[in-house]
Amino acid sequence: MEQSLNEIREQFHRDLDAITTAESLVAIRDKYLGRKSGLIAASKKNIGKLGADERAEFGRQVNELSREVETEIERLDVEISARNEEAALLRERVDVTLPGTGASGGHLHPITLVRQRIEDIFVSMGYSVEDGPEIETPFYNFDALNIPPSHPARDSADTFYVSDTLALRTQTSNVQIHTMERQKPPLRVIAPGRVFRRDTPDPTHNPMFFQVEGLNVDRHITMADLKGTLTKFVEMMFGVNLRTRFRPSYFPFTEPSAEVDFSCYVCDGAGCRVCKGTGWIELGGSGMVHPNVLETVGIDPEEFSGFAFGLGIDRMAALMYGIDDIRLLYENDVRFLEQFA
Amino acid sequence: MKISYQWLKELVALRTTPQELAEKLTMAGLAVDSVEEHGGDFILDFDLTSNRPDALSHFGIAREAAIVCGGRLISPLVELSESSETAESAAGIQIAEPTLCPRYAARLIKGVKVGSSPKWLVDRLEAIGQRSINNIADISNYVMFEMGQPTHAFDLHTLKGRRIIVRRAQPGEILRTLDGVDRTLSPEMLVIADAERAVAVAGVMGGEETEISSATTDVLLESAYFDPDSVRHTSRELGLTTEASYRFERGADFDAAVRAADRASRLIAEIAGGVVLQGVLDEYPAPITRTPVPLREARIERLTGLKVEIERAAEILTALEFRVELLKERYELLALPPSFRIDVSREEDLVEEVARHIGYEKIALTVPEWSGTGAYLAGETIRRGLRRELLSSGFDEAISFSFAAGERDRLFRSSETDTPTITNPIDANETAMRGSLITRLLESIQGNFNKGTKDVKLFEIGRVFGRVAADGRPQERERLALIMTGMAEPGSWREKQQIDFFDLKGAVQSVMQSSNVSGFTIERASVEYLHPGQSAALIKDGRQVAMFGRLHPRIAALYKFRQAVFVAELELGELLETAGHQIRYRGLPRFPASSRDVSALVQDDVSWRDIEETISDLGFGEIESVNVFDVYAGRGIPEGSRSLAFRITYRSQDATLTDEQVNLMQEKVKEALEGRLKIQLR
Ligand SMILES: [Zn+2]
């Protein structure tokens with residue numbers, strides 16, 4: 001017996017409720033909307049049994065059912081594919097809190113970080129970076145720097161010797177002399193590098209450390225230029241609002257000489273642990289190149305004058321990163337090295 | 001050096017607080033480290049530069065304080081009453097070495113009573129950290145800390161022949177010094193002797209046998225000027241530094257001898273009783289003279305940028321006790337330094353004296369004019385580039401001491417080269433200037449292992465040393481070393497692979513690539529410290545510029561390493577010279593490529609390089625690349641062979657290659673591999 005349209009509709013909704021996959025949806029479509037064997041097409045055969053006035057109404061109801069089936073199937077189709085997509089994405093879900101992979105990056109040595117920054121600053125001020133031997137003759141390491149033969153710095157208690165005529169340089173000032181022998185003024189040079197002093201390692205000493213020496217020789221160089229240059233350097237290195245202080249001091253290779261301090265960037269001069277309560281941090285030694293030094297390399301001190309300075313790179317690194325035991329700098333402990341970027 | 005503020009105030013009329021004084025003196029070049037309260041007094045701790053021995057006393061500091069604070073200077077009293085007996089009749093002095101002892105003065109005091117010092121004297125000395133001994137010794141010390149001149153008191157009765165002879169020590173001469181130590185002396189050392197024997201090491205320490213004791217009644221008080229170099233040398237040789245030697249080796253005041261002897265004698269008579277004999281024994285065979293130093297007004301400005309009138313400069317120098325002759329119309333002056341200022345001999349020294357008293361803070365801040373450009377060290381761009389490259393491959397940068405244990409370092413030197421040896425090392429085991437960067441890096445690896453870090457990748461850029469070259473200097477060469485061990489990706493929860501030879505080779509190649517160095521080959525090499533099966537050299541222009549591989553198990557055993565360690569060392573200096581060749585763009589291919597895979601069973605004595613060369617020898621310009629994508633040995637592969645899979649990519653610049661064309665070439669490749677290398681293709 002043929003089903004009434006209402007029975008078809010009810011059956012369709014029952015079928016629909018049981019559906020979970022897109023494939024069964026295709027089967028349902030065929031079952032109801034198939035052009036020949038579909039239930040709706042089949043019900044159309046009953047049209048002949050109706051009276052002329054009922055036909056139009058029946059036709060309308062068939063069309064209505066077709067549209068309803070069509071819409072429902074489409075809605076379910078969208079619903080199922082959305083559900084499928086969601087399931088697929090869920091299957092590809094990862095724990096995003098697990099660590100990323102791939103070789104993790106290494107780290108530059110703190111000495112290199114500070115050294116490169118110093119080089120960048122001075123190159124930007126027109127200085128050339130120079131280099132010289134680490135094993136040096138007493139002439140370049142002492143004599144030419146106006147350090148007299150009896151000076152305690154030459155003593156084997158303070159300086160490493162590899163022979164009577166060769167020592168491990170105790171400062172990069174030897175580069176000054178080599179440079180001034182090679183080139184005539186005007187000269188603007190910095191010389192960063194390793195230096196050696198016969199100190200037993202402890203938290204504030206190492207037998208090897210890094211220094212940067214600066215030299216500026218020209219016709220009208222004065223101590224005002226020295227002050228201005230080092231103040232500029234301090235601003236670029238440690239912070240723009242810092243002040244410098246120049247205290248009279250003594251170095252054999254400069255006259256007048258000055259010790260340079262800068263106002264503590266932590267407490268701004270009030271006194272704290274970093275500046276040991278003084279409000280000032282020591283930067284290094286400086287002064288006007290001693291006329292004996294200029295004369296030794298054949299530069300007339302009446303015509304030319306110059307300033308020189310020497311800064312400790314290790315000390316600066318210790319200061320900038322708060323390293324309280326500088327022996328760590330040369331032990332190459334990975335746990336130390338990987339703290340620097 | 002400690003200075004008592006109360007004591008100082010007896011020598012200069014001060015109205016400043018101790019803190020203000022410390023600040024002012026620091027800014028005048030006499031650095032005060034700390035100011036501390038001490039029982040109603042303040043102790044200023046000075047850190048003086050070695051050129052200012054004149055300031056190593058209360059009076060020395062008072063002189064500077066008087067100028068920076070504007071107070072009046074009060075000289076210690078030296079007037080004394082003398083007995084009718086003359087000193088000359090009681091003792092004699094002879095200087096046998098006038099260059100080492102230009103001046104020797106002495107006072108004689110008879111009838112003293114040795115005992116403890118009065119409280120004020122004990123307190124004074126204790127305030128500056130000195131222990132009281134007895135009244136005579138304390139007075140000698142007091143005068144030194146007051147005036148800067150060291151003196152020494154002998155018990156006159158113990159001096160044989162009542163004579164002082166200043167001479168060199170005899171070879172092997174032994175003297176027991178005040179500290180109870182027997183000192184063996186040598187002829188380079190100056191001694192004070194009596195008629196028979198040495199009784200004091202000149203300027204350093206007195207002898208025990210002639211020291212003041214409770215039985216002493218008569219005193220010979222020495223006040224001399226010794227040659228600074230001689231005292232320094234003796235003090236170093238004996239390993240003995242005293243307050244006296246500290247002052248003499250920096251340079252005492254050659255004019256202070258008599259004044260200090262008078263001051264001490266006055267105090268002895270006052271405190272310990274006794275009478276001072278008439279006259280000073282003062283041997284001063286060749287009085288030291290100084291020459292005046294000229295100063296031009298223009299020179300001050302030229303060096304400091306400060307405009308200071310010559311009259312003002314004269315004022316400052318006069319206050320500093322220079323004898324100044326002002327040549328006003330020439331804007332110049334002549335300044336004769338006082339006897340205690342041994343540090344002034346050139347015009348620039350005077351400029352500093354003037355500038356530090358005008359104040360360095362008055363000097364402006366200027367930046368010198370300059371036309372030109374700055375420049376980095378040659379090769380710095382590449383050096384920085386390869387640092388970046390190594391960083392991205394996970395290497396940390398190491399920096400090691402440049403000296404190392406010689407017997408270890410020799411293991412890693414590429415030839416039999418000797419390197420310079422430190423003659424006065426701190427650690428007797430570490431005397432060799434390194435001939436290789438590997439020596440210290442292996443120690444670092446060992447250190448990291450000991451701390452529990454097993455995955456380590458380090459690199460170091462630094463110099464190694466070689467034998468002394470023709471110019472008399474040891475060779476210094478810049479090298480780069482890499483060292484790696486442990487997991488390739490430490491800490492990864494996914495990749496569990498250990499670092500192997502190819503990780504190291506990859507790192508070496510990336511260094512070469514980032515340095516933009518081309519035209520090198522990598523060959524199997526025999527390197528003593530490397531595993532014979534895993535060592536290679538990088539050859540450029542016929543020279544080995546790098547060696548790398550796995551550390552030889554025998555050497556790894558020396559360090560007790562339980563995991564494989566890989567090392568590379570490159571002649572960075574040489575590479576930098578050839579680095580950075582011009583980059584030239586090549587047009588991109590316009591036609592598609594075809595590729596063919598080959599799977600081959602290869603005998604172990606046939607290298608991948610042999611395969612590459614065999615293929616390239618065929619001369620097919622259409623072969624764009626040959627890339628290995630799998631290497632396998634083990635199960636299913638005969639012993640002594642391995643299986644290689646590789647892909648050959650063909651491409652023409654002029655047309656799309658047909659299958660027939662590619663197949664034809666591929667056949668030739670296979671024939672060559674089978675024929676020439678006995679490779680079994682599968
Ligand atoms: Zn601070």
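When reading the values below, keep in mind they use all heavy atoms of this one structure, side chains included, and skip hydrogens, waters and symmetry mates. Chain identifiers are assigned alphabetically (A, B, ...) following the order of the sequence lines, protein sequences preceding nucleic acid strands; residue numbering begins at 1 within each chain.
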Colleague: Could you check which of A:Arg188, A:Lys227, A:His290 has the highest count of heavy-atom pairs closer than 4.5 Å to chain B?
Modeller: A:Arg188
Colleague: Do we see a donor-acceptor contact under 3.5 Å between the side chains of B:Asp229 and A:Ser150?
Modeller: yes
Colleague: Set out, in order, the CA-CA distance, both residues' side-chain angles and the distance that settles side chain to side chain contact (heavy atoms under 4.5 Å, CB included) for A:Val175 and A:Arg169, then state yes or no.
Modeller: CA-CA 10 Å; A:Val175 180; A:Arg169 68 175 174 193; 3.8 Å; yes
Colleague: What option among A:Glu130, A:His151, A:Arg245 has the most heavy-atom pairs under 4.5 Å with chain B?
Modeller: A:Arg245
Colleague: Quick one: of A:Asp225, A:Asn206, A:Asp131, A:Thr222, who has the most non-hydrogen atom pairs under 4.5 Å with chain B?
Modeller: A:Asp225
Colleague: Can you tell which part of A:Phe122 gets under 4.5 Å to a heavy atom of chain B, answering side chain, backbone, both or neither?
Modeller: neither
Colleague: Which bit of B:Phe395 comes within less than 4.5 Å of chain A, counting heavy atoms only: side chain, backbone, both or neither?
Modeller: backbone
Colleague: With a 6.0 Å cut-off on ring centres, are A:Phe340 and A:His109 close enough?
Modeller: no
Colleague: Determine the option with the most heavy-atom pairs under 4.5 angstrom with chain B, choosing from A:Glu338, A:Glu136, A:Glu331, A:Glu259.
Modeller: A:Glu136
Colleague: Non-hydrogen atoms of chain B under 4.5 Å away: do they reach the side chain of A:Tyr127, the backbone, both or neither?
Modeller: backbone
Colleague: Please state whether the side chain, the backbone, both or neither of B:Ala355 comes within less than 4.5 Å of a heavy atom of chain A.
Modeller: neither
Colleague: Of the backbone (N, CA, C, O) and the side chain (C-beta and beyond), which part of A:Arg243 lies under 4.5 Å from a heavy atom of chain B, both, or neither?
Modeller: neither
Colleague: Given side chains that start at C-beta, do those of B:Glu348 and A:Met288 come closer than 4.5 Å, heavy atoms only?
Modeller: no
Colleague: Only one of B:Glu397, B:Glu478, B:Glu389 passes salt bridge (Lys or Arg N to Asp or Glu O under 4.0 Å) with B:Arg383; say which it is.
Modeller: B:Glu478
Colleague: Which region of B:Glu380, side chain (C-beta onward) or backbone (N, CA, C, O), has a non-hydrogen atom less than 4.5 Å from a non-hydrogen atom of chain A, or is it both or neither?
Modeller: side chain
Colleague: Let me know if B:Arg388 has heavy atoms under 4.5 Å from chain A in its side chain, its backbone, both or neither.
Modeller: neither
